[in-house]
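The structure appears below as structure tokens.
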Amino acid sequence: MILTRRALALGSGLALAGCDSLIRDPKALAVAKSAEQATQRWQRLIGRDALAREFSAADISPVFKANGTVAPTSAAYQAHAASGFSDWRLKVSGLVERPLSLSVAQLQALPARSQITRHDCVEGWSAIGGWAGPPLGLLLNAAGVRESARYAVFLCADTYSTSGVRYYESIDLIDAWHPQTILALRLNNAPLDVAHGAPVRLRVERQLGYKHAKYIEEIVLAASLDGFGDGKGGYWEDRGSYEWYAGI
Ligand SMILES: Nc1nc2c(c(=O)[nH]1)N[C@H]1C(S)=C(S)[C@@H](COP(=O)(O)O)O[C@H]1N2
Ligand SMILES: [Mo]
């Protein structure tokens, strides 16, 4: 089972690798799309609850590459970083009974899950790291997700590169309640550093790297992705670069 999933992960990683060249070549894009759809069908068949493989401490990569935004440029974020994120708040809003606004200290006080997993980036690199933080499901249960909600949308503190556009991502509620979906506060037994998404970032282990939103300010429960960005569910999805469903 694990071997099968690994093989699938490799397959979808390869199919999605080199996105720029895929966009230039419509035939390659069609192949990547059908591979993505096949992966999705297969995942539904084997069950979306299956766990991603977990590794041992000896497997941890000596260097975990940082990618995308590695240092948000806004004055507000830099002030938060300078004060050790003591005034940072993570909000949970939208289709919930009880909106939340939690400090990092409050997040740290919640029961945490630790997991050593492999991160696969579509740009063609992987790294194994140890992550820890409260399960997202715990916060969702505390907030009381309304029945009309279908997505969890993650609004980040960075604007990507020179685009000036805020990074965001979204997942469905199956992935949101998946036991390995956590709000990571720590990487390899140290508080998350700025490059890897301080003070809090998503780990959604059954999906590719770009879904793992860093610098999360707000989690919005929503019935549709229409009201966010260009409506395709994420920064890269809006640009037509990567698929919304990035299951591995
Ligand atoms: N807010 C935010 N989250 C982000 C990104 C980003 O640029 N901004 N890049 C994504 C991509 S493409 C990858 S591979 C991972 C990289 O995480 P890392 O820097 O911890 O390796 O973060 C993802 N989450
Ligand atoms: Mo990535």
Side-chain angles (χ1 to χ4, degrees), residues 9 12-23 32 36 52 60-74 76-78 80-81 85 88 90-91 115-133 136 152-171 175 181-220 228-229 232-248:
S12 77
L14 286 176
L16 286 164
C19 295
D20 285 338
S21 58
L22 287 183
I23 292 160
E36 190 256 351
I60 288 175
S61 303
V63 176
F64 198 107
K65 184 180 154 80
N67 202 38
T69 302
V70 293
T73 50
S74 78
Y77 181 86
Q78 284 174 6
H80 280 299
F85 300 101
W88 188 273
L90 173 68
K91 295 197 179 90
Q115 57 203 30
I116 300 173
T117 54
R118 198 181 80 176
H119 179 99
D120 294 310
C121 171
V122 290
E123 290 170 20
W125 59 273
S126 298
I128 293 175
W131 304 94
L136 174 59
V153 183
F154 303 84
L155 307 182
C156 306
D158 60 315
T159 54
Y160 188 79
S161 183
T162 52
S163 68
V165 177
R166 189 182 195 181
Y167 199 95
Y168 80 104
E169 257 305 338
S170 60
I171 58 178
D175 270 321
T181 298
I182 66 172
L183 294 169
L185 304 168
R186 299 175 70 78
L187 169 59
N188 297 337
N189 291 320
L192 209 56
D193 59 339
V194 166
H196 293 98
V200 55
R201 66 98 52 87
L202 180 67
R203 294 299 308 170
V204 49
E205 304 293 355
R206 295 292 307 278
Q207 298 229 26
L208 290 169
Y210 59 90
K211 303 297 289 187
H212 299 233
K214 307 196 276 190
Y215 319 112
I216 305 172
E217 293 183 309
E218 188 163 358
I219 303 171
V220 187
F228 306 91
K232 297 199 181 112
Y235 177 88
W236 291 112
E237 291 88 330
D238 283 345
R239 271 142 202 84
S241 305
Y242 308 144
E243 298 291 331
W244 176 77
Y245 188 78
I248 50 178

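Note that ligands are numbered from 1 as they come in the structure, with each ligand's atoms numbered from 1 the same way. What you see is a predicted model; the values in this text were computed from it and never measured.
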Report the residues that fulfil salt bridge (charged side-chain N to carboxylate O under 4.0 Å, His left out) with Glu217, sequence neighbours left out, ordered by chain and then residue number.
-> Arg166
Tyr168 and Tyr235: aromatic ring centres closer than 6.0 Å?
-> no
With no hydrogens and no angle check, do the side chains of Ser126 and Asp120 hold a donor and an acceptor under 3.5 Å apart?
-> yes
Sequence neighbours excluded, which residues qualify as salt bridge (charged side-chain N to carboxylate O under 4.0 Å, His left out) partners of Arg201?
-> none
With sequence neighbours left out, write down each residue that passes salt bridge (charged side-chain N to carboxylate O under 4.0 Å, His left out) with Lys211, or none if nothing qualifies.
-> Glu169, Glu237
Can you pull the residues with any heavy atom under 4.0 Å from ligand 1?
-> Phe64, Lys65, Ala66, Asn67, Gly68, Thr69, His119, Cys121, Trp125, Cys156, Asp158, Tyr160, Tyr167, Ala195, His196, Arg201, Gly209, Tyr210, His212, Ala213, Lys214, Tyr215
With under 30° as parallel and over 60° as perpendicular, where do the rings of Phe64 and Trp125 fit, or are they tilted in between?
-> perpendicular
